[in-house]
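One structure is given here, and the rest of the page talks about it.
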Amino acid sequence: MQYQGVLTKMQTEIGSPIQYYLVFESDFIHINQLLNKKINIAFVGYQCLACGENKKIFRQGYCYDDFYNQPQVGDWVMRPELSTAHLGVEDRDLEFEKKAQLQPHIVYLANSSNVKVGVTRKSQVPTRWIDQGAHEAIEIVEVPNRYLAGITEVALKEQVADKTNWRTMLKNEIVDEDLVAFKDKMKGFIPDEVKEYFIENGKETKLDFPVLRYPDKLKSLNLEKTPEYSGILKGIKGQYLIFEDNTVFNVRNNEGYVVRLTIN
């Protein structure tokens, strides 16, 4: 079977294990069904997720120009504390920013390679944790806008990491943590204006990924350096495909790339 389309991050569905789907314009691929099958990935070109043109992808699926003018990749996305829609102040497109920022957000702890703090829209729970490859997570606060989530994350980053070690995550070199106790330790560091939003009786969420064999060393597939690759799929974790020869492919990092997939 052969498919061709523009890569966007894999869609997921909670389950045991988590179900993964790759959605192209005219095809819908259930990736779990490809485990133990040989997949050929061929790089065809680019298609910017904004303008749709065959222009080299700069970051996050966008060409250089669109990365610096599209509202969905403003600085407030990566740094929620920079959100200003609650003040009525525009960054790139105030209406877009109001819809994205003025909705319930969750500050959470997730354990993927180590315990880290993060922010996501409430509607993205547990998708955000799945995308990070977290095997366990817990909510700390639920706030009404992105700014409050951002200043909470900034405060907690002084106590706990805010980055995932993707190599440790993919090798599954993980340690289970008592996230309830971890969360309670964080309570005293939450900014005063957010303390009322602390979630008192939250429970851990456990996540189960479809991986038949974890790699012991990693080779990251770069489509520009290796425009064609074939391998037997052994697992899916986070937004990575894991192959038998220890090659790993980050689908999300290749958004906007047009690929041809051949399944044997």
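Because the structure is predicted, anything quoted here is derived from the model rather than measured. Reckoned from all heavy atoms, side chains included, excluding hydrogens, waters and symmetry mates.
- Closest approach of Pro210 and Pro17 over heavy atoms only: N-CB, 3.7 Å.
- With contacts defined as side-chain heavy-atom distances shorter than 4.5 Å, the pair Asn114/Thr168 does not qualify.
- Distance check, rounded to the nearest 0.5 Å: CG of Asp245 to NZ of Lys217 gives 10.5 Å.
- Under the 3.5 Å distance criterion, the side-chain polar atoms of His135 are left unmatched by any main-chain donor or acceptor of Gly133.
- Ring planes of His86 and Tyr147: parallel class, angle under 30° (limits at 30 and 60°).
- Hydrophobic clustering (side-chain heavy atoms under 4.5 Å, transitive across Ile, Leu, Val, Met, Phe, Trp, Tyr) keeps Val125 apart from Val119.
- With hydrogens and angles disregarded, no donor-acceptor distance shorter than 3.5 Å links the side chain of Arg128 to the backbone of Gly118.
- For Glu97 (side chain) and Asp93 (main-chain N/O), a donor-acceptor pair under 3.5 Å exists by modelled atom type.
- Taking the six-membered ring for Trp and thresholds of 30 and 60 degrees, Tyr229 and Phe243 have ring planes more than 60 degrees apart, a perpendicular arrangement.
- If you take CD on Gln132 and NZ on Lys163, they are separated by 11.0 Å, rounding to the nearest 0.5 Å.
- Using a 4.0 Å cut-off between a side-chain N of Lys or Arg and a carboxylate O of Asp or Glu, Lys56 and Glu224 qualify as a salt bridge.
- The environment of Lys122 atom NZ is sparse: at most 12 non-hydrogen atoms of other residues, nucleotides or ligands sit within 6.0 angstrom.
- More than 12 heavy atoms of other residues, nucleotides or ligands sit less than 6.0 Å from atom NZ of Lys206.
- Judged purely by atom type and a 3.5 angstrom limit, Thr84 uses its side chain to pair as donor or acceptor with the backbone of Val89.
- Summarising the geometry, atom CD belonging to Gln239 is positioned 11.0 Å from atom CG belonging to Asn254; distances are rounded to the nearest 0.5 Å.
- Both Met1 and Leu35 are part of a single hydrophobic cluster, where members link through side-chain heavy atoms under 4.5 Å apart.
- Ile41 CD1 to Ile263 CD1: the interatomic distance, rounded to the nearest 0.5 Å, is 8.5 Å.
- No side-chain heavy atom of Ser112 sits under 4.5 Å from any side-chain heavy atom of Ile174.
- By the 6.0 Å contact criterion, OH on Tyr68 is enclosed, its count of non-hydrogen atoms from other residues, nucleotides or ligands being greater than 12.
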Handout entry: Evaluation steps, ring pair (Phe, Tyr, Trp, His ring centres under 6.0 Å), between Phe58 and Tyr64
Key = CA-CA 5 Å; Phe58 179 62; Tyr64 183 90; 4.9 Å; yes
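- Ala149 approaches Val143 most closely through the heavy-atom pair N-CG2, 3.5 Å.
- Between the side chain of Gln101 and the backbone N or O of Ala85, at least one donor-acceptor pair lies under 3.5 Å.
- The closest donor-acceptor contact from the side chain of Glu204 to the backbone of Leu179 lies under 3.5 Å.
- Of the N and O atoms on the side chains of Asn111 and Asp176, not one donor lies less than 3.5 Å from an acceptor on the other residue.
- Rounding to the nearest 0.5 Å places CG of Leu82 at 8.5 Å from CG of Asp91.
- By the neighbour-count criterion of 12 heavy atoms within 6.0 Å, atom CZ of Arg213 is densely surrounded, having more than that number from other residues, nucleotides or ligands.
- Checking side-chain atoms of Glu228 against main-chain N and O of Thr226 turns up no donor-acceptor pair under 3.5 Å.
- The same ILVMFWY cluster, assembled from side-chain heavy atoms under 4.5 Å apart, contains both Leu7 and Tyr20.
- Asn264 and Lys37 share no donor-acceptor pair across their side chains, judged by distance under 3.5 Å alone.
- Rounding to the nearest 0.5 Å gives a distance of 14.0 Å between NZ of Lys234 and OG1 of Thr247.
- Asn145 and His105 make their closest contact through C-ND1, 3.8 Å (heavy atoms, listed as atom of the first residue, atom of the second, distance).
- Phe209 pairs with exactly one of Ile18, Ile236, Asn172, Ile242 by the side-chain contact (heavy atoms from CB on, under 4.5 Å) rule, that one being Ile18.
- Between Ile140 and Ile190, some side-chain heavy-atom pair lies under the 4.5 Å cut-off.
- The aromatic rings of Tyr46 and Tyr257 sit perpendicular, their planes meeting at an angle over 60°, well past the 30° parallel limit.
- At a threshold of 4.5 Å between non-hydrogen side-chain atoms, the residues Leu241 and Leu34 do not count as touching.
- Partner Gln4 forms a side-chain contact (heavy atoms from CB on, under 4.5 Å) with one of Val259, Leu261, Thr262, Val44 and no other, that one being Val44.
- Pro80 and Glu153 get closest at one heavy-atom pair: CD-OE1, 3.7 Å.
- Under a 3.5 Å cut-off, the side chain of Arg92 and the backbone N or O of Gln72 do not form any donor-acceptor pair.
- Contact detail for Val6 and Gly256: the closest heavy-atom pair is CG1-CA, 3.8 Å.
- Checking side-chain atoms of Glu136 against main-chain N and O of Glu177 turns up a donor-acceptor pair under 3.5 Å.
- When side chains are defined from C-beta on, Ile14 counts as touching Leu207, because their heavy atoms get closer than 4.5 Å.
- Cluster annotation: Ile151 and Leu109 are assigned to the same hydrophobic cluster (Ile/Leu/Val/Met/Phe/Trp/Tyr, side-chain heavy-atom contacts under 4.5 Å, transitive).
- A cation-pi geometry, defined here as NZ or CZ lying under 6.0 Å from the six-membered ring centre and within 45° of its normal, holds between Lys185 and Phe182.
- By the 4.5 Å heavy-atom criterion applied to side chains, Phe249 and Lys219 are not counted as neighbours.
- Annotation: cation-pi geometry satisfied between Lys183 and Phe198 (NZ/CZ under 6.0 angstrom from ring centroid, within 45° of ring axis).
- Counting heavy-atom neighbours within 6.0 Å of Asp27 CG, excluding the residue itself, gives a total above 12.
- Of all the heavy atoms in Phe96 and Pro71, the pair that sits closest is CD2-CB, 3.6 Å.
- Proximity of Thr152 to Tyr197: side-chain heavy atoms (C-beta onward) are nowhere separated by under 4.5 Å.
- Side-chain heavy atoms closer than 4.5 Å link hydrophobic residues (I, L, V, M, F, W, Y) into clusters, and following such links, possibly through other members, connects Leu221 to Leu22.
- Electrostatic pairing of Lys187 and Glu200 counts as a salt bridge here, judged by a charged N lying under 4.0 Å from a carboxylate O.
- No hydrogens or angles considered: nothing links the side chains of Glu255 and Thr8 as a donor-acceptor pair under 3.5 Å.
- The shortest distance between side-chain heavy atoms of Asp65 and Lys55 falls below 4.5 Å.
- Not one N or O on the side chain of Gln159 forms a donor-acceptor pair closer than 3.5 Å with the backbone of Ala155.
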